[in-house]
Amino acid sequence: MKEYRFYGWEGADVLPASEQWAGVGDPRRLYDLLLNLWCADTCAPRMRAGWSKDNPTLGQCSITAFLAQDIYGGKVFGVPRPDGNFHCFNAAGGCVFDLTSEQFGDEKLCYVNCPEQFREVHFAKEEKRLRYEYLKKALIEYLKKEK
């Protein structure tokens with residue numbers, strides 16, 4: 001089995017909750033797909049200057065976590081960060097995984113007792129909602145090309 005570096009990859013065995021996303025497969029496959037789609041345009045504006053193909057998960061957490069929620073169901077939670085923001089991750093089908101944890105390098109995040117995050121709050125920022133919609137559309141188009 002290929003080794004990944006994102007948190008929870010070893011047990012990320014949940015499958016899509018609906019037939020619409022059947023082509024995505026498990027979160028490891030979603031991660032592989034997103035590596036082709038994450039870009040500076042999907043990165044949070046405040047972090048965009050630091051985004052690169054060497055650190056593709058930088059600034060992608062909330063839009064990625066809510067997209068993963070669309071695919072797998074479950075809930076999105078947030079690790080409190082020193083700047084007052086939350087780093088979003090997923091819990092679905094008995095699995096906890098964080099597709100964008102690599103952006104923190106060797107820093108170990110605590111995924112226990114984190115508050116649930118809600119898209120209504122995150123997407124109140126129009127730029128974030130638009131980045132999420134861009135990423136979701138890009139994934140749908142990529143999956144169509146794979147067929």
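Between Tyr7 and Phe104, the closest side-chain pair of non-hydrogen atoms is not below 4.5 Å. For the pair Asp70 and Lys136, the minimum side-chain heavy-atom distance is below 4.5 Å. Here the side chains of Ile140 and Trp21 are in contact, with some heavy-atom distance below 4.5 Å.
Salt bridge Glu127/Arg131: present, at least one basic N to carboxylate O contact under 4.0 Å.
For the atom pair NE2 of His87 and OG of Ser101, the computed distance is 6.0 Å after rounding to the nearest 0.5 Å. Residue Cys88 holds its SG atom at 9.0 Å from CG of Asp98, rounded to the nearest 0.5 Å. A distance of 9.5 Å separates CZ in Phe66 from OH in Tyr132, rounded to the nearest 0.5 Å. Atom CG of residue Asp32 and atom OH of residue Tyr4 lie 3.5 Å apart, to the nearest 0.5 angstrom. Atom CG of Asp26 is separated from atom OH of Tyr31 by 13.5 Å, given to the nearest 0.5 angstrom. For the atom pair CZ (Arg129) and CD (Glu133), the distance works out to 4.5 Å, reported to the nearest 0.5 Å.
The 12-atom threshold is exceeded at NZ of Lys2, counting heavy atoms of other residues, nucleotides or ligands nearer than 6.0 Å. The local environment of CD in Glu19 is sparse, with at most 12 non-hydrogen atoms from other residues, nucleotides or ligands closer than 6.0 Å.
For the pair Asp13 and Cys95, the tightest heavy-atom approach, listed with the atom from each and the gap, is N-SG, 3.6 Å.
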Working for side chain to side chain contact (heavy atoms under 4.5 Å, CB included), residues Leu135 and Thr64: CA-CA 8 Å; Leu135 185 62; Thr64 299; 3.9 Å; yes

Test log, rule ring pair (Phe, Tyr, Trp, His ring centres under 6.0 Å), inputs Tyr111 and Phe89: CA-CA 8 Å; Tyr111 293 94; Phe89 67 95; 4.8 Å; yes

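Checked by atom type and distance alone, the side chain of Arg48 pairs as donor or acceptor with a backbone atom of Ala40 at under 3.5 Å. Here the side chain of Gln117 pairs a donor or acceptor atom with the backbone of Pro115 at under 3.5 angstrom.
Thr42 and Gln60 share a donor-acceptor pair across their side chains, judged by distance under 3.5 Å alone. For the residue pair Asn90 / Tyr72, no side-chain donor-acceptor distance below 3.5 Å is found, with atom types taken as modelled.
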